[in-house]
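Position 1 is the first residue of the sequence, and the numbers go up from there. Both backbone and side-chain heavy atoms feed into the values below; hydrogens, waters and symmetry mates do not.
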Amino acid sequence: ILGNAIFLEKAALSQGWSVPGSFAHYPFQADHTYHIRNEVRIDHSIKVYIDGELVLNFLDTPPYLDGGTVGFRASVGSIPNSITWFDNVVVETIDVISPLNVPYLSQLDPRWMSTTYDSAKTWSTVPTIGRWGCVLTDAVMILQYHNITTLPNGLPIDPQTLNDWLLSQPDGYLGQGYVNWVALTRVAHLFHTTHVDTPSLEYLRGNADMNILKEEIDKKRPMILDLGGHFVVGRGATQNNAGLIINDPFDQVKSTVLAQNIRGSRLFRPSFTDLSYIVIPMNADLETIVERDGQQILPVIEGPITPDGEDETMPNPLSLIEIPKPADGQYTIRIKNNSSSQVTQSIFSYNTTGDLLPLSIDIQKRSAEQVFVLDYTKDGETTIHRVINPSTLVQDIQSLRELNEITRAYPYYTLLHTAERIGETTMNERMRYLRLFEYYLNKFTIHISDQGKKMIEEDIIVIQKTL
């Protein structure tokens with residue numbers, strides 16, 4: 001300590017050494033006692049705290065302090081009429097949190113490595129768990145860590161049996177090979193129903209914040225880490241806190257990952273309470289917007305999954321809506337289909353206990369924007385219906401003409417203008433124009449496709465109910 005400065009030097013190989021970066025200013029005061037803490041870590045980092053404040057943080061240079069004894073040196077320096085001393089010295093090992101005891105499984109285990117993974121035959125020349133099953137294998141490690149050992153069908157959980165179970169579920173895999181994280185929580189909850197002391201698991205999409213990830217580990221909750229298309233299990237913090245200790249299902253030798261290589265996380269937390277969710281995997285052929293109280297709910301992106309092993313074509317990334325613990329009420333879904341074929345949009349609704357209610361909407365080819373309302377009830381019936389009014393009737397007639405589902409111009413313009421009048425007139429006159437519209441619809445049946453007529457008839461039924 002020199003005036004208002006502090007610097008460190010070390011003794012190694014019987015001589016003193018200065019260390020680059022080991023100098024800092026500090027407002028020392030005379031006749032004052034300071035608590036100084038020096039930390040020398042196995043990764044050669046050195047930290048100095050004064051009264052709990054970090055004032056020096058640097059990396060040592062050779063020769064390193066890899067052993068020896070602890071010694072102290074003090075002098076009065078350039079001020080002879082002064083006294084300097086050490087008091088209450090404590091030498092201790094820095095606490096290191098032991099990594100969580102997550103069982104290791106390999107996707108390359110001969111028992112399942114050659115099993116076909118989900119629908120990988122549609123995009124891969126090697127469509128196996130050994131090539132694509134990192135998330136699947138991670139999920140089994142997480143489930144087994146939480147003592148969840150059997151599937152709802154009674155089979156022991158391993159990557160092959162979990163793959164089969166997910167394939168048997170309407171929501172098991174999403175898009176091309178993406179494990180539905182929420183479906184995994186149903187496995188846990190169904191196990192809980194027969195093993196009441198084992199809690200269910202809540203899923204939450206996390207980020208790469210090391211403070212949060214270390215807090216999860218402190219609370220004995222391992223997580224799945226996204227390393228940019230390859231996924232591993234995080235189960236501990238490295239001694240220098242620069243990364244995490246991992247189980248890599250593709251490479252058992254690889255045991256750590258640096259923080260900067262973590263792209264995101266998937267958290268699984270023991271729970272006895274609310275497992276409700278809404279999951280909407282966005283169909284790539286549709287333009288879809290989901291809103292709640294006029295605010296758009298932004299989608300997240302999964303993937304693309306990277307192949308483990310040799311490079312090859314990767315499946316398409318998946319855009320999806322995830323709403324954990326959704327509030328009861330209405331969610332607006334706006335969908336436009338620009339493709340040349342009818343497309344189905346799936347919606348997965350989960351109640352408080354994680355039970356699944358699968359819903360779907362068929363969107364006609366090259367259709368204008370259609371608006372649907374999802375009436376979500378956490379502990380009751382959840383339904384979805386299309387918003388239909390005179391304006392949507394006009395839009396449907398226009399779309400049917402564009403698709404040549406209405407083949408002649410005269411029937412098209414007659415139906416169109418009559419539909420427009422339905423929306424423009426008073427409520428008293430609306431029923432008269434509805435009857436006139438039904439008359440024209442029956443008159444021009446031969447010029448309208450069966451599918452088109454059915455759509456218009458459904459519109460008319462809904463509009464009549466509003467009168």
Enquirer: Answer yes or no: is there an ion pair linking E202 with R269, defined by an N-O contact shorter than 4.0 Å?
Expert: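 So E202 does not pair with R269 through a salt bridge.
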
Enquirer: Under 4.5 Å between any side-chain heavy atoms of L356 and P170, yes or no?
Expert: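 Sidechains of P170 and L356: in contact.
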
Enquirer: Using modelled atom types and a 3.5 Å cut-off, is there a donor and acceptor pairing between side-chain atoms of N163 and backbone atoms of T116?
Expert: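 Yes: the side chain of N163 pairs with the backbone of T116.
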
Enquirer: For a side-chain hydrogen bond (donor to acceptor under 3.5 Å, both in side chains) check, start with the C-alpha distance between T344 and D362, then their side-chain angles and the critical distance, and finish with the verdict.
Expert: CA-CA 4 Å; T344 299; D362 291 329; 2.7 Å; yes

Enquirer: Taking only residues two or more places apart in sequence, or in another chain, which ones meet E302 in a salt bridge (Lys or Arg N to Asp or Glu O under 4.0 Å)?
Expert: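 E302 satisfies salt bridge (Lys or Arg N to Asp or Glu O under 4.0 Å) with R205, R266 once adjacent residues are dropped.
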
Enquirer: Are the side chains of W181 and V135 in contact, using a 4.5 Å heavy-atom criterion?
Expert: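 Yes, their side chains come closer than 4.5 Å.
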
Enquirer: Which ring-ring contact (aromatic ring centres under 6.0 Å, His included) pairs, counting each pair once, include a residue from residues 351-409, with sequence neighbours left out?
Expert: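 Sorted pair list comes back empty.
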
Enquirer: Enumerate the ring-ring contact (aromatic ring centres under 6.0 Å, His included) contacts for residues 262-319, please, sequence neighbours excluded, ordered by first and then second residue.
Expert: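 Non-adjacent pairs meeting ring-ring contact (aromatic ring centres under 6.0 Å, His included): H192-F272, Y203-F268, Y203-Y277.
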
Enquirer: If you measure from CD1 on I406 to OG on S449, what distance do you get to the nearest 0.5 Å?
Expert: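 OG of S449 is found 8.0 Å from CD1 of I406.
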
Enquirer: Please check: side-chain N/O of D251 versus main-chain N/O of S255, any donor-acceptor pairing under 3.5 Å?
Expert: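 Checking the backbone N and O of S255 against the side chain of D251, no donor-acceptor pair under 3.5 Å is found.
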
Enquirer: Between CD1 of I448 and CG of L415, what distance do you get to the nearest 0.5 Å?
Expert: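 Interatomic distance, I448 CD1 to L415 CG, rounded to 0.5 Å: 5.0 Å.
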
Enquirer: Begin with the C-alpha distance, continue with both residues' side-chain angles, and end with the deciding distance and a verdict on side chain to side chain contact (heavy atoms under 4.5 Å, CB included) for L201 and L143.
Expert: CA-CA 9 Å; L201 294 178; L143 292 169; 4.1 Å; yes

Enquirer: What side chain to side chain donor-acceptor pair (under 3.5 Å) pairs are there with at least one residue in residues 281-293, not counting sequence neighbours?
Expert: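 Listed by first then second residue: E287-N338, E291-R334.
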
Enquirer: With a cut-off of 6.0 Å (strictly less than), are more than 12 heavy atoms of other residues, nucleotides or ligands near CD of Q295?
Expert: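 At most 12 heavy atoms, drawn from other residues, nucleotides or ligands, come within 6.0 Å of this atom.
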
Enquirer: If you define the side chain from C-beta out and look only at heavy atoms, does anything of K254 sit under 4.5 Å from I246?
Expert: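 Contact flag for K254/I246 side chains = yes.
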
Enquirer: Quick one: salt bridge (Lys or Arg N to Asp or Glu O under 4.0 Å) partners of R131, sequence neighbours excluded?
Expert: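 Checked R131 against salt bridge (Lys or Arg N to Asp or Glu O under 4.0 Å); matches are E312.
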
Enquirer: Looking at S360 and Q345, would you say the former's side chain and the latter's main chain have a donor-acceptor pair under 3.5 Å?
Expert: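 No.
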
Enquirer: Output the distance between atom OG1 (T161) and atom CG (L166), rounded to the nearest 0.5 Å.
Expert: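 If I round to the nearest 0.5 Å, the distance is 9.5 Å.
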
Enquirer: Would N207 and I212 count as a side chain to side chain contact (heavy atoms under 4.5 Å, CB included) if you check the C-alpha gap in whole Å, the side-chain angles of each, and the deciding distance to 0.1 Å?
Expert: CA-CA 8 Å; N207 55 29; I212 294 175; 4.1 Å; yes

Enquirer: Is the number of heavy atoms from other residues, nucleotides or ligands under 6.0 Å of Y104 OH greater than 12?
Expert: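 Check passes, neighbour count above 12.
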
Enquirer: Would you give the length of the straight line joining atom OH of Y433 to atom OG1 of T425, rounded to the nearest 0.5 angstrom?
Expert: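 Reported to 0.5 Å precision, the distance equals 6.5 Å.
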
Enquirer: Answer whether the closest heavy-atom distance between the side chains of I333 and I347 falls below 4.5 Å.
Expert: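 The answer is yes; the side chains approach within 4.5 Å.
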
Enquirer: Answer whether the closest heavy-atom distance between the side chains of L275 and S200 falls below 4.5 Å.
Expert: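 Yes. Closest side-chain heavy atoms under 4.5 Å.
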
Enquirer: If I compare all heavy atoms of L213 with all of M223, which pair ends up nearest, and what's the gap?
Expert: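 Answer, listing the atom of L213 first, then M223: O-CE, 3.5 Å.
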
Enquirer: So for atom CZ, which belongs to R263, do other residues, nucleotides or ligands contribute more than 12 heavy atoms lying within a distance under 6.0 Å?
Expert: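 It does: R263 CZ has more than 12 such atoms within range.
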
Enquirer: Using modelled atom types and a 3.5 Å cut-off, is there a donor and acceptor pairing between side-chain atoms of R401 and backbone atoms of Y412?
Expert: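 No; judged by distance alone, with no hydrogens or angles, the pair does not exist.
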
Enquirer: For K454, give me all partners under salt bridge (Lys or Arg N to Asp or Glu O under 4.0 Å), at least two apart in sequence or on another chain.
Expert: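 Partners of K454 under the salt bridge (Lys or Arg N to Asp or Glu O under 4.0 Å) test: none.
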
Enquirer: Distance check, rounded to the nearest 0.5 Å: L105 atom CG versus N247 atom CG?
Expert: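 Answer for the CG-CG pair, L105 versus N247, is 8.5 Å.
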
Enquirer: Would you say that T115 contacts T128 through its side chain, given a criterion of any heavy-atom pair below 4.5 Å between the two side chains?
Expert: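 No. Closest side-chain heavy atoms not under 4.5 Å.
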
Enquirer: Answer yes if the side chains of N147 and H195 hold a donor-acceptor pair under 3.5 Å, and no otherwise.
Expert: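 Looking only at side-chain atoms, H195 and N147 do not form any donor-acceptor pair under 3.5 Å.
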
Enquirer: For residues V233 and P222, report the shortest heavy-atom separation together with the two atoms involved.
Expert: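 Minimum heavy-atom contact is CG1-CB, 4.2 Å.
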
Enquirer: Using the salt bridge (Lys or Arg N to Asp or Glu O under 4.0 Å) criterion, which residues pair with K465? Sequence neighbours excluded.
Expert: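 Expected list: none.
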
Enquirer: Would you check if the distance from the ring center of Y173 to the ring center of Y117 is below 6.0 Å?
Expert: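 Between Y173 and Y117, the centre distance is under 6.0 Å.
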
Enquirer: For the residue pair H447 and P411, what are the closest heavy atoms and their distance?
Expert: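 Smallest interatomic distance, heavy atoms only, reads CD2-CG, 3.8 Å.
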
Enquirer: Quick one, L267 with R221, criterion side chain to side chain contact (heavy atoms under 4.5 Å, CB included). Give me CA distance, side-chain angles, the key distance, then yes/no.
Expert: CA-CA 8 Å; L267 311 180; R221 301 191 298 230; over 6 Å; no

Enquirer: Tell me, do S276 and Y350 make a side-chain contact under 4.5 Å, heavy atoms counted?
Expert: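 The answer is no; the side chains never approach within 4.5 Å.
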
Enquirer: Side chain to side chain contact (heavy atoms under 4.5 Å, CB included), that's the test. Do V187 and W165 meet it? Break it down for me.
Expert: CA-CA 9 Å; V187 174; W165 186 83; 3.4 Å; yes

Enquirer: Within the supplied structure, the quantity of interest is the number of heavy atoms (other residues, nucleotides, ligands) at a distance under 6.0 Å from N404 CG; does it exceed 12?
Expert: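 Counting other residues, nucleotides and ligands, CG of N404 exceeds 12 neighbours.
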
Enquirer: Please, which pairs that meet salt bridge (Lys or Arg N to Asp or Glu O under 4.0 Å) have at least one residue in residues 436-453, sequence neighbours excluded?
Expert: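 Passing the test, one end in residues 436-453: K453-E457.
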
Enquirer: Can you see which heavy atom on P315 is nearest to which on P304, and at what distance?
Expert: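 Minimum heavy-atom contact is O-CB, 3.5 Å.
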
Enquirer: Give a yes or no answer on whether the side chain of Q107 reaches the backbone of G130 with a donor-acceptor pair at less than 3.5 Å.
Expert: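 Such a contact is found between Q107 side chain and G130 backbone.
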
Enquirer: Please report the closest heavy-atom contact between L393 and A419, naming both atoms and the distance.
Expert: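 Scanning both residues completely, I find the closest heavy atoms to be CD2-CB, 3.8 Å.
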
Enquirer: When you check the gap from the basic side-chain N to the acidic O, do E215 and K219 get nearer than 4.0 Å?
Expert: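 The answer is yes: the pair qualifies as a salt bridge.
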
Enquirer: Answer yes or no: is there a donor N or O on one side and an acceptor on the other, between the side chain of S114 and the main chain of P110, under 3.5 Å?
Expert: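 The answer is no, because no donor-acceptor pair under 3.5 Å joins these two groups.
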
Enquirer: Is a donor on one side and an acceptor on the other found under 3.5 Å between the side chain of N351 and the backbone of D355?
Expert: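 Side chain of N351 to backbone of D355: a pair is present.
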
Enquirer: At their closest point, which heavy atom of I305 faces which heavy atom of G177, and how far apart are they?
Expert: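 Nearest pair, atom of I305 first, then G177: CD1-O, 3.3 Å.
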
Enquirer: Going by salt bridge (Lys or Arg N to Asp or Glu O under 4.0 Å), name the pairs with one or both residues in residues 178-191, residues two or more places apart or in two chains.
Expert: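 Every salt bridge (Lys or Arg N to Asp or Glu O under 4.0 Å) pair that includes a residue of residues 178-191, provided the two are not neighbours, is D171-R186.
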
Enquirer: Would you mind listing every salt bridge (Lys or Arg N to Asp or Glu O under 4.0 Å) that reaches into residues 375-389, with sequence neighbours excluded?
Expert: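 Checked against salt bridge (Lys or Arg N to Asp or Glu O under 4.0 Å) - neighbours excluded - the pairs reaching residues 375-389 are D274-K378, R386-D396, R386-D459.
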
Enquirer: Which pairs count as side chain to side chain donor-acceptor pair (under 3.5 Å) when at least one residue sits in residues 134-146, sequence neighbours excluded?
Expert: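 Found none.
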
Enquirer: Would you check if I463 and I388 make a side-chain contact, meaning some heavy-atom pair closer than 4.5 Å?
Expert: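 Yes, side chains in contact.
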
Enquirer: Distance from T418 atom OG1 to L436 atom CG, nearest 0.5 Å?
Expert: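 The distance works out to 5.0 Å.
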
Enquirer: If a pair satisfies salt bridge (Lys or Arg N to Asp or Glu O under 4.0 Å) and one of its residues is in residues 111-128, list it, with sequence neighbours excluded.
Expert: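 Output for this query lists D109-R111.
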
